[in-house]
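First the proteins, then the strands, lettered A, B, ... as listed; each starts at 1.
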There are 2 protein chains.
Amino acid sequence: MSSLERRTGIALWRQIADDIRAAIGNGAYEDTGKLPTEAALATQFGVNRHTVRAALAALARDGMIDTTQGRGSFVVARKRLSYPIGPRTRFSAGLEGQVARTRSRALESRIEPASAPVAEALHLAPEAPVLRLDMLGEADDTPLSRATHWFEASRFAHLPDHYRAFGSITRALAACGVEDYVRLFTDITAAPASAADRQDLDLQPGAVVLLTLSVNGEVGGGPVQYSRSRFSADRVTLSVRMPGGL
Amino acid sequence: MSSLERRTGIALWRQIADDIRAAIGNGAYEDTGKLPTEAALATQFGVNRHTVRAALAALARDGMIDTTQGRGSFVVARKRLSYPIGPRTRFSAGLEGQVARTRSRALESRIEPASAPVAEALHLAPEAPVLRLDMLGEADDTPLSRATHWFEASRFAHLPDHYRAFGSITRALAACGVEDYVRLFTDITAAPASAADRQDLDLQPGAVVLLTLSVNGEVGGGPVQYSRSRFSADRVTLSVRMPGGL
DNA sequence: CTTATTTGTCTAGTTCTATAGACAACCAAC
DNA sequence: GTTGGTTGTCTATAGAACTAGACAAATAAG
């Protein structure tokens, strides 16, 4: 039935954990919130009970379920933060009401030659100098996203200073003469978290990150900002609201 | 440096493979396309050369790299299909020009009582009868997405028949009196592929799926369609174009 | 209180993962 | 052709993951 595979580099207990996680997400145990017994899961997955226990232990560590002896395992409701992807998304504004406190921290900024995709997105010559800004987005002291932004170097040379002063990219851009800017497009995909992601976002191996690639620009003007972000898929959903539709 | 962790249910070689995959995605080896030698990677990751070889073998199986004896390993450029998420996205239309042939196939359709989220999204009473339609989206015979759609049962009872006749949900809806419908919103997250995903989308353990949850409705009307889709993250990026912006 | 059910813990044996080292096969450059 | 660098293959060993079975401990229901 639930064909698990061996020799894939993913331990059986983790495949089972992923499966149960997906089932919870599909609302499988919605009525009572109770998972099948360990014995039942073991036969369902065609696996030893100890292997199921390892999977359940992992889910319990992640706070997905709560297990007590003699009773069973129960789903713990947990919501992901909803991160809006709209024409005018701002990091902090979009998360308001969902968390007590948001913070975005600049990790590093430097000038570097534009790589091919950066140059193309910003309409610059290849290898043209660009300002690179690495940032970490946090909500209630939990890291949510790791983003790298690129800007044309000459026009935005003092952006990091303004950012330090204001604590907001939007305001720092305004100080550089960008009155109003909008998100032009966003490409979204996903991948297993790399070691770097795990360090930055405090994730465990096997975690998944949402990868977004977006370009922001001035209204009626050209592109201003090229960004690559990595979100912890455990913690956020990207929410695309259609401005036209309703 | 690249802190790999043990006893996590993810074999070291797979963590390394994920890491190299991410590095390729970040354009790390863009200049020559050549990866470091196995020996170099082994020291970089603090691991035995055989472990690195297992990682490279996995990447080669996935078509990410090409390895030849005496030369080394080289990145194979491979593009993901871009799946547009806009107000008026249609499965086949959005992929035109990227692949030779797209196909969407109905797997199953049945009437069932609405679960809580379905009822809420479609503005129906809980447990109200809804039509559930399971579909598989393919491009050039490769499965791309697995979607489940829900519609109000009474109004769209004959939708499956119309779909069989026209081969398109848009046209089938038109036959049910829905003149023009638009995407109202889409929530996007990601997770490891479950066993069911692996079967439906022909994926390997450790693969990642993009999960979308969307509601479509009539222009100036209420919600009509509630959908949950699962995309192979290896094969697609979701592309959000802002209609207002530019 | 008694009983059936369910989770927790222990031991032992097997299979997979990772390390270590050695050497062959192949490629590119001289 | 020779050399240096790189990937391919083999053997052996240690440790982690998985299986199997048994029994204790906690819960819930009668």
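Between the CG atom of Leu12(A) and the C1' atom of dT17(C) there is a distance of 13 Å, given to the nearest Å. In this entry the distance linking CD of Glu38(B) with P of dT19(C) reads 14 Å, nearest Å. Taking atom NZ of residue Lys34(A) and atom P of nucleotide dT5(C), one finds them 13 Å apart after rounding to whole Å. Here dA17(D) presents its P atom at 17 Å from CZ of Arg7(A), a figure rounded to the nearest Å. Rounded to an integer number of Å, the gap from His50(A) NE2 to dT14(C) P is 17 Å. dT6(D) atom C1' lies 15 Å from atom CG of Asp66(B), rounded to whole Å. Taking atom CZ of Arg53(A) as the reference point, atom P of dA17(D) lies 16 Å away to the nearest angstrom. One interatomic measurement links the two molecules: CD of Gln15(B) to P of dA18(C), which rounds to 9 Å at whole-angstrom precision.
Side chain to side chain, Ser194(A) and Asp18(B) fail the donor-acceptor criterion of an N or O pair below 3.5 Å. With no hydrogens or angles considered, a side-chain donor-acceptor pair links Gln15(B) and Arg198(A) at under 3.5 Å. Side-chain contact annotation: Ser73(B) with Thr67(B), donor-acceptor N/O pair under 3.5 Å present. Under the 3.5 Å distance criterion, with hydrogens and angles disregarded, a donor-acceptor pair is assigned to the side chains of Thr148(A) and Asp134(A).
Judged by a 6.0 Å distance limit and a 45° cone about the ring axis, Arg71(A) is positioned over the six-membered ring of Phe74(A).
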Contacts under 3.5 Å, N or O only, protein and nucleotides 26-29 of chain D:
{"unit_1": "dA26(D)", "atom_1": "O4'", "unit_2": "Gln69(A)", "atom_2": "OE1", "d": "3.0"}
{"unit_1": "dA28(D)", "atom_1": "OP1", "unit_2": "Arg71(A)", "atom_2": "NH1", "d": "3.2"}

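Between Trp13(A) and dA17(D) there is no side-chain polar atom (N or O) within less than 4.0 angstrom of OP1 or OP2. For the OP1/OP2 pair of dT19(D) and a distance below 4.0 Å, the side-chain nitrogens and oxygens of Arg6(A) include at least one atom meeting the criterion.
Of all nucleotides listed (dC18(D), dG8(C), dT7(D)), dC18(D) comes nearest to the side chain of Ala11(A).
Closest-nucleotide positions on DNA chain D for Thr37(B) and Ile10(A) were compared, and the one nearer the 5' end corresponds to Thr37(B).
A donor-acceptor pair is defined here as one N or O able to donate and one able to accept, closer than 3.5 Å; no such pair exists between the side chain of Arg146(A) and the backbone of Phe231(A). In this structure a side-chain-to-backbone donor-acceptor pair under 3.5 Å is missing from Thr237(A) to Ser239(A).
Among the atoms of the strands shown, base atoms are found under 4.0 Å from some heavy atom of Arg49(A).
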